[in-house]
2 protein chains.
Amino acid sequence: MEKWIGVVGGVGPFAGIDLLGKIAAQTAVSLDQDHLTVLNWSQPGTIVDRTEFLLGQVAENPAFALAQQVVQLAKMGAGVVGIPCNTAHAPRIFNPLRAELAAARCDVRLLHMIEEVGRFLQEQLPGVKQIGVLSTTGTYRARVYADVLEPLGFTAVLPPITLQTEKIHPAIYDPVYGLKACGVATQQAQENLRLGLDHLKAAGAEAVILGCTELPLAFAEATAVGLPLIDPTLILARALIREANPAKLKPL
Amino acid sequence: MEKWIGVVGGVGPFAGIDLLGKIAAQTAVSLDQDHLTVLNWSQPGTIVDRTEFLLGQVAENPAFALAQQVVQLAKMGAGVVGIPCNTAHAPRIFNPLRAELAAARCDVRLLHMIEEVGRFLQEQLPGVKQIGVLSTTGTYRARVYADVLEPLGFTAVLPPITLQTEKIHPAIYDPVYGLKACGVATQQAQENLRLGLDHLKAAGAEAVILGCTELPLAFAEATAVGLPLIDPTLILARALIREANPAKLKPL
């Protein structure tokens, strides 16, 4: 029995749309009617910024609004749900989110994007050990990737803190040139991210995780500075199809 | 009071995602939280092909499944709804759809994409009179655009029937090279569409409506063969924002 896919789509809106596009593109179809049922709930106004919460700049935990939207998707019929926001998978957000779902007796299958990335790396890049991570400062400070990857035998390679806060985070968040405001990669955002990639390569990274769901919007190619780029949105899209109906998942 | 936008997203899935992207891109924002609430219900398996119905190849009218999805979106909280499928606006589909909504006492505001295109042409291209239309064969046979544009003083310019059925419709529907199957414009689809554009230009068209929501996926530029391209998906996106909260609509 094919499950319906639910997407919490507003974190951020362009990242949610990118996920929907990757779900459709990774589904084996020849007709409209072959596509999976996908419900997308994008209500970004209610979800406070994940990094601001993790850094103590706002008190409200976005876990509650996220949980409410997962519950809505489950009520509408979703059988498996994904949240295309890396920072939302920080334990200080994701654990209370899961507790909220349990309290609401919502037993929908909620995928954990970061664990899916870890599984993907083990299966697809078994020889690689040093994994660079570009992300928001919330994901960086909360060690979202490091804490999942290190028990699997990988080493997470992160930029130094000044490069992180002065170049990488603004490439995502700057209200004038950032990916969230623009929906496309401005030249300034590209330059900032290039500095990050160069640093991660020099520090020994053998592959780089685009560890914020806005970052894939800035990269059309599967590699940069000679390193494979790992796209968690694509991995989440494939995991959602696998859970909904594995027979419709295109080969990698 | 800002309205929530509902999108019937599976007709086809890539067209629905294109609409979501255009809604986000046309909204004036600097933060995730500024974006409008958008609910997207993509359940393409339940909606029979609109052209096949109009040509008598299937008996079931897709109006009923479309109406059910509009009702679902309204129940979830949508205050204005769009259906990103030109062919679904043929009167033989759209009229019973409206009747179904009335019978269900669903008074959500459902926009009429084709009428929005007519309004756009009057406002933005007042000097243009001959409007070329590329579309599915369902939209073509049902005179979806001609019957809206002609009372407004425009002349609809259509390809001859053999070019329509042998080149234009397959560019959208072919299971191997068509836009619906591939989600991107293959070379064969591009060649077919170019034949259509050349014909419309030779026949006197001064602008061309991309009158199937898959067609904008094939055109990155705002013009082709020297003619302005009219994108009904973009017009619908802007109309949805206008109805949801006009203060957030970017200038053209």
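By convention in this document, chain letters (A, B, ...) are assigned in the order of the sequence lines, proteins followed by strands, and residues within each chain are numbered from 1.
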ask   = Using a heavy-atom distance cut-off of less than 4.5 Å, which residues of residues 6-13 of chain A contact chain B?
value = A/G10, A/V11, A/G12, A/P13
message = Can you tell me which portion of B/L31 sits under 4.5 Å from chain A's heavy atoms? Options are side chain, backbone, both or neither.
response = neither
task = Determine the option with the most heavy-atom pairs under 4.5 angstrom with chain A, choosing from B/G183, B/A15, B/G45.
result = B/G45
inquiry  = Heavy-atom cut-off 4.5 Å, strictly under: side chain, backbone, both or neither for A/V48 against chain B?
reply    = backbone
Below 3.5 angstrom, are there any donor-acceptor pairs between chain A and chain B, and if so, which atoms and how far apart?
from, atom 1, to, atom 2, distance (Å)
A/D32, OD1, B/K180, NZ, 3.4
A/D32, OD2, B/R50, NH2, 3.1
A/D32, OD2, B/K180, NZ, 2.8
A/Q33, NE2, B/I47, O, 2.7
A/V38, N, B/S42, O, 2.8
A/V38, O, B/S42, N, 3.0
A/N40, N, B/N40, O, 2.9
A/N40, O, B/N40, N, 2.9
A/S42, N, B/V38, O, 3.0
A/S42, O, B/V38, N, 2.8
A/I47, O, B/Q33, NE2, 2.7
A/R50, NH2, B/D32, OD2, 3.0
A/K180, NZ, B/D32, OD1, 3.4
A/K180, NZ, B/D32, OD2, 2.8

inquiry  = Does any backbone or side-chain atom of B/L36 lie under 4.5 Å from a heavy atom of chain A? Answer side chain, backbone, both or neither.
reply    = backbone
request  = Heavy atoms only, distances under 4.5 angstrom: which of A/C182, A/P175, A/G178, A/A24 has the most pairs with chain B? Name it, please.
outcome  = A/A24
